[in-house]
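Notes to accompany the following structure.
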Amino acid sequence: MSYFTHLECGYCGKICDKNKIWNLCPGCGKPLLARYDLESARKEFTKDKLKNRQSTLWRYKEMLPVLDSKFCLSLGEGFTPLLKAARLGKEIGMRNIFIKDEGLNPTTSFKARGLCLAISKANEFGIKEVSIPSAGNAAGAMSAYAALAGMKSFVFMPKDVPKPFINECKALGAEVTLVDGLINDCGKLAAEGVKKFGRFDVSTLKEPYRIEGKKTMGYEIAEQTNWNLPDVIIYPTGGGTGLIGMWKAFDEMEKLGWIGSKRPRMVAVQSKGCAPMVKAFEDGKEFAEMWEGAKTIADGLRVPAAVGDFLILRALRESNGTAVAVSDEDIIDSANVICRKEGIFAAPEGGATLAALKKLLKAGWVKNDESVVLFNTGSGHKYYQLWK
Ligand SMILES: *Cc1c(COP(=O)(O)O)cnc(C)c1O
């Protein structure tokens with residue numbers, strides 16, 4: 001049973017019917033967000049209900065938008081460990097560093113969370129074909145859940161994406177189109193198919209459900225820290241779904257009476273080769289400009305323009321957080337440190353969070369005794385060409 005009531009535009013506030021299929025806001029073209037009857041949920045959905053529930057993100061199903069459980073798809077996604085990184089902490093002089101290891105999700109990245117929800121919701125709507133432009137992990141995750149649901153899936157990827165990302169989609173039954181261009185060029189091609197064949201477009205924040213899957217990271221961090229949120233969360237930001245999602249989750253949990261008003265300072269980390277959010281944050285802008293010539297080894301961070309830019313920037317500012325750009329060299333070095341100190345085969349995006357922490361520590365923005373959660377958003381396995 002879900003407390004999902006309606007969708008609301010994150011920008012203009014327009015309300016949309018939860019029983020219809022939506023992509024972006026029909027009024028202003030910005031992302032739609034799922035809203036819940038939190039007043040009723042506060043009385044009925046208490047924390048102790050979580051005890052003895054399955055260790056997947058469906059443990060929070062009351063706060064997820066699938067109305068009938070029979071449409072929920074699961075490959076064991078979510079409820080990943082929040083690991084205390086003691087050896088890493090010692091290395092950089094901190095006592096309370098934790099790594100949320102998202103590489104343990106199905107298809108080895110946290111994209112599984114979002115696509116689990118998007119495809120489950122499509123399943124509930126009776127949708128038969130789904131489509132995505134993706135620079136990597138999102139496509140694999142979509143392919144997996146589409147296979148599980150018996151849907152046809154269409155993937156549009158830049159042709160220079162590392163082979164394992166491409167082959168994973170093919171193995172999972174997707175029809176893959178390789179595009180001579182960047183992710184936004186893939187988006188244009190995918191959109192043609194969406195228009196022509198009526199496929200459901202599951203691009204980042206162009207449908208309202210992926211963010212609901214990603215927000216469960218916020219619920220999990222709260223539950224795993226015994227409802228005492230950390231001081232700082234460092235998140236490798238591409239489209240920003242997880243950051244926006246967690247910020248939304250904290251708000252929901254406060255309204256549910258699960259946590260108080262304390263919030264972590266949210267940090268977005270990007271690569272110097274593609275840092276539109278960092279630039280917009282520093283310039284005090286509400287929206288980010290498109291980043292020209294985006295280039296980074298961290299495929300998940302190669303997003304030159306994000307539809308949810310204003311939501312990312314809002315969360316950073318409301319939380320007294322910040323945005324940091326790090327070099328690809330620091331990203332790889334830091335990923336290697338996580339590997340060797342903690343035994344976690346980190347993705348470069350995960351490495352970026354440690355690179356950012358080191359910078360923030362040096363600048364005095366983070367204090368040695370503060371608690372920090374780093375997001376290792378994927379496993380290093382698909383980036384085989386980076387490891388020497
Ligand atoms: C997609 C991706 C990101 C960026 O996630 P967003 O929620 O789009 O900001 C970070 N790391 C990895 C491994 C990814 O696949």
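In what follows, residues are counted from 1 in the order of the sequence shown. Atom set for the values below is all heavy atoms of this structure, side chains included, hydrogens, waters and symmetry mates excluded.
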Is there side-chain contact between [X] and [Y], with heavy atoms separated by less than 4.5 Å?
| X | Y | value |
| --- | --- | --- |
| V232 | V373 | no |
| L57 | L117 | yes |
| P158 | C186 | yes |
| L75 | C116 | no |
| I21 | F200 | yes |
| V372 | N96 | no |
| W387 | N336 | yes |
| P65 | P208 | no |

Using 30° and 60° as the class limits, which term best fits the ring planes of [X] and [Y]: parallel, tilted or perpendicular?
| X | Y | result |
| --- | --- | --- |
| W227 | W258 | perpendicular |
| F4 | Y209 | perpendicular |
| H381 | F345 | perpendicular |

request  = Apply side chain to side chain contact (heavy atoms under 4.5 Å, CB included) to the pair S2 and Y36, showing each step before the final yes or no.
outcome  = CA-CA 8 Å; S2 163; Y36 299 82; 4.2 Å; yes
Give, for atom [atom1] of [X] and atom [atom2] of [Y], the distance between the pair rounded to the nearest 0.5 Å.
| X | Y | atom1 | atom2 | value |
| --- | --- | --- | --- | --- |
| T237 | D309 | OG1 | CG | 12.5 Å |
| K100 | I221 | NZ | CD1 | 6.0 Å |
| K215 | F250 | NZ | CZ | 12.5 Å |
| K30 | L24 | NZ | CG | 9.0 Å |
| E44 | K49 | CD | NZ | 7.0 Å |
| M151 | S131 | CE | OG | 13.0 Å |

Quick one: do [X] and [Y] end up in the same hydrophobic cluster if we chain Ile, Leu, Val, Met, Phe, Trp and Tyr together by side-chain heavy atoms under 4.5 Å apart?
| X | Y | answer |
| --- | --- | --- |
| M94 | I344 | yes |
| M1 | Y60 | yes |
| L88 | I234 | yes |
| V326 | V278 | no |
| Y235 | Y219 | yes |

inquiry  = Restricting to non-hydrogen atoms, name the atom on L33 and the atom on G10 that form the minimum distance, rounded to 0.1 Å.
reply    =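 Looking at all heavy atoms of both residues, the shortest contact is CD1-CA, 3.9 Å.
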task = With side chain to side chain donor-acceptor pair (under 3.5 Å) as the test, would you mind laying out the steps for Y3 and E252 before giving the verdict?
result = CA-CA 12 Å; Y3 290 96; E252 290 172 0; over 6 Å; no
task = Can you spot which of E220, E223, E77 makes a salt bridge (Lys or Arg N to Asp or Glu O under 4.0 Å) with R59?
result =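 Between R59 and the candidates, salt bridge (Lys or Arg N to Asp or Glu O under 4.0 Å) is satisfied uniquely by E223.
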Check this for me, if you would: do [X] and [Y] make a salt bridge, where the nitrogen-to-carboxylate-oxygen distance has to be below 4.0 angstrom?
| X | Y | result |
| --- | --- | --- |
| E102 | K111 | no |
| D201 | K195 | no |
| D328 | K295 | no |
| R87 | E342 | no |
| K248 | E212 | yes |

task = For the pair R265 and T322, evaluate side chain to side chain donor-acceptor pair (under 3.5 Å) and give the outcome as yes or no after the intermediate values.
result = CA-CA 8 Å; R265 309 200 302 282; T322 190; over 6 Å; no
message = Are Y11 and F287, when compared by the centres of their aromatic rings, separated by less than 6.0 Å?
response =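 Under 6.0 Å, so yes.
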task = List the steps, then state whether salt bridge (charged side-chain N to carboxylate O under 4.0 Å, His left out) holds for D231 with K367.
result = CA-CA 10 Å; D231 297 311; K367 304 275 179 287; over 6 Å; no
query = Between N228 and K262, is a side chain to side chain donor-acceptor pair (under 3.5 Å) present by the stated rule, with each step listed?
reply = CA-CA 8 Å; N228 294 303; K262 186 201 157 180; over 6 Å; no
query = Mind checking who shares a hydrophobic cluster with V179, ILVMFWY linked at side-chain heavy-atom distances under 4.5 Å?
reply =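 Hydrophobic cluster check, V179: joined to F154, F156, L189.
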Check whether [X] reaches the backbone of [Y] with its side chain - one donor and one acceptor, N or O, closer than 3.5 Å.
| X | Y | result |
| --- | --- | --- |
| K341 | G89 | no |
| S134 | A139 | yes |
| W291 | M277 | no |
| N368 | G93 | yes |
| S40 | D37 | no |
| S334 | I331 | no |
| N376 | A347 | yes |
| T5 | R35 | yes |
| E207 | R210 | yes |
| T80 | G78 | no |

Taking atom [atom1] of [X] as the centre, does the number of heavy atoms from other residues, nucleotides or ligands within less than 6.0 Å exceed 12?
| X | atom1 | answer |
| --- | --- | --- |
| D17 | CG | yes |
| E39 | CD | no |
| R53 | CZ | yes |
| K90 | NZ | no |
| E175 | CD | no |
| D283 | CG | yes |
| K152 | NZ | no |

task = List in chain and number order the residues that pass salt bridge (charged side-chain N to carboxylate O under 4.0 Å, His left out) with K70, two or more places apart in sequence or in another chain; answer none if no residue qualifies.
result =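 For K70 the salt bridge (charged side-chain N to carboxylate O under 4.0 Å, His left out) partners, ignoring immediate neighbours, are D68.
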key: Residues K14, E8; criterion side chain to side chain contact (heavy atoms under 4.5 Å, CB included); working and verdict   = CA-CA 6 Å; K14 189 177 171 69; E8 182 186 354; over 6 Å; no
[Y] ring centre to [X] NZ or CZ under 6.0 Å, with the angle to the axis within 45°?
| X | Y | answer |
| --- | --- | --- |
| K163 | F165 | no |
| K214 | F110 | yes |
| R314 | W247 | no |

